[in-house]
Amino acid sequence: MAVRFDEVQVGTELPAQSFPVTRAALVQYAGASGDFNPIHWNEKFALEVGLPDVIAHGMFTMAEAARVVTDWVGDPAAVVEYGVRFTKPVVVPNDGVGAVIEVTGKVAALLDDNRVRVDLVATSAGQKVLGMSRAVVQLG
Amino acid sequence: MPLDPSFIGRTYPPTAPYEVGREKIREFAAAIGDANPAYTDAEAAKSLGHPDVIAPPTFPFMLSFQAAAQVVNDPELGLDYSRVVHGDQKFVYSRPARAGDRLSVTISIDAIKSLAGNDVLTVRGEVHDTSGEHVVTSIMTLVARAADEAGEE
């Protein structure tokens with residue numbers, strides 16, 4: 001069920017999603033991605049380097065935010081460009097609950113060749129965790 | 001001490017090919033909690049026009065970051081990795097990475113800037129299949145914080 005270019009306009013909202021992040025998820029992501037930086041799993045280390053607690057991998061947050069786009073278009077290959085700025089860390093406490101990354105997106109510009117630019121907003125605990133989060137998406 | 005700007009434009013040798021495996025893609029998709037069938041079901045991927053399962057958009061970062069170790073560990077550049085944070089990340093895709101790909105990364109230093117005492121390094125990784133086909137460009141900005149500001153934010 002592909003999204004068609006003529007179905008969208010500037011301002012079209014993508015379905016928003018909330019992504020829970022637990023310590024266990026960070027350990028799993030560390031293993032899958034090979035990024036074993038201890039700031040993502042070792043509270044003692046994180047505090048020693050001045051962080052408030054263990055923080056999520058920036059690339060984990062970037063991957064979650066992308067899902068708002070790929071779930072919308074269906075075929076992940078429709079994403080032809082994707083960029084973010086890591087503005088604030090997602091702090092993940094060891095309280096059995098963890099954190100939540102909330103992501104919204106909307107069509108910000110109509111481009112040539114049935115492409116659109118989608119601007120994403122990702123927040124956690126009320127803080128904007130990604131800035132300049134943009135994807136160029138090929139529609140049908 | 002600021003980084004030497006003469007490193008701008010330096011290109012490092014291509015990395016040894018990384019073979020993208022179906023099960024690695026499955027493991028990565030599970031780790032990001034993404035149930036899109038294009039990542040795990042070859043038939044679903046084929047119905048979208050792909051020859052095999054494809055990898056999520058951020059999957060190629062693993063390769064480009066490993067390849068960027070050439071820059072991070074370059075003794076001539078002298079980057080203090082303990083002070084480095086990932087500032088920005090961008091991907092420009094020709095196509096998704098997919099199972100069976102053998103991917104090599106060529107790393108270049110596009111920019112070195114000094115902003116408020118921090119060194120800001122723009123590192124570009126061009127990811128090609130062994131046939132020479134371009135798959136994705138991964139552009140990462142690495143920020144080496146000034147020593148006395150480490151840990152703020």
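Labels below follow one simple rule: chain letters A, B, ... track the order of the sequence lines, proteins then strands, and each chain is numbered from 1.
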Of all of A:Val80, A:Val27, A:Leu130, which one pairs up most often with chain B through heavy atoms under 4.5 Å apart?
A:Val80
Taking atom NZ of B:Lys113 as the centre, report whether more than 12 heavy atoms of other residues, nucleotides or ligands fall under 6.0 Å from it.
no
First locate atom [atom1] of [X], then atom [atom2] of [Y], and finally report the distance between them rounded to the nearest 0.5 Å.
X: A:Met59; Y: B:Met140; atom1: CE; atom2: CE; value: 9.0 Å
X: A:Glu81; Y: B:Phe91; atom1: CD; atom2: CZ; value: 12.5 Å
X: B:His86; Y: A:Asn37; atom1: NE2; atom2: CG; value: 12.5 Å
X: B:Met62; Y: A:Asp35; atom1: CE; atom2: CG; value: 11.0 Å
X: B:Lys90; Y: A:Ser133; atom1: NZ; atom2: OG; value: 12.0 Å
X: A:Met62; Y: B:Gln89; atom1: CE; atom2: CD; value: 5.5 Å

Would you check, one step at a time, whether the test side chain to side chain contact (heavy atoms under 4.5 Å, CB included) holds for B:Asp88 with A:Phe86?
CA-CA 6 Å; B:Asp88 294 59; A:Phe86 301 107; 5.9 Å; no
Are [Y] and [X] connected in a single hydrophobic cluster, I mean Ile/Leu/Val/Met/Phe/Trp/Tyr linked by side-chain heavy atoms less than 4.5 Å apart?
X: A:Leu14; Y: A:Phe5; result: yes
X: A:Ile55; Y: B:Val143; result: no
X: B:Val84; Y: B:Val120; result: no
X: B:Val92; Y: A:Tyr82; result: no
X: B:Ile139; Y: A:Val136; result: no

If you count heavy-atom pairs under 4.5 Å with chain A, which of B:Val136, B:Ile54, B:Leu48 comes out on top?
B:Leu48
Most heavy-atom pairs under 4.5 angstrom with chain A, which of B:Gly33, B:Ser94, B:Ala55, B:Ala38?
B:Gly33
Need one label for [X]: side chain, backbone, both or neither, based on atoms under 4.5 Å from any heavy atom in chain A.
X: B:Phe65; value: neither
X: B:Asp34; value: both
X: B:Pro57; value: side chain

Report the C-alpha separation of A:Arg85 and B:Thr141 in whole Å, then their side-chain angles, then the decisive distance to 0.1 Å, and conclude whether the side chain to side chain contact (heavy atoms under 4.5 Å, CB included) test is met.
CA-CA 9 Å; A:Arg85 172 162 296 168; B:Thr141 305; over 6 Å; no
Counting only heavy atoms closer than 4.5 Å, note whether A:Tyr29 contacts chain B via side chain, backbone, both or neither.
both
[X] to [Y] - nearest heavy-atom pair and separation:
X: A:Arg67; Y: B:Ile32; value: NH1-O, 2.9 Å
X: B:Phe28; Y: A:Ala32; value: CA-CB, 4.1 Å
X: B:Asn36; Y: A:Gly74; value: ND2-O, 3.1 Å

Heavy-atom check, side chain of A:Ser33 versus side chain of B:Phe59, under 4.5 Å:
no
Taking non-hydrogen atoms and a cut-off under 4.5 angstrom, which of residues 114-124 of chain A neighbour chain B?
none
With side-chain hydrogen bond (donor to acceptor under 3.5 Å, both in side chains) as the rule and sequence neighbours excluded, what pairs involving residues 9-19 of chain A come up?
A:Gln17-A:Asp71
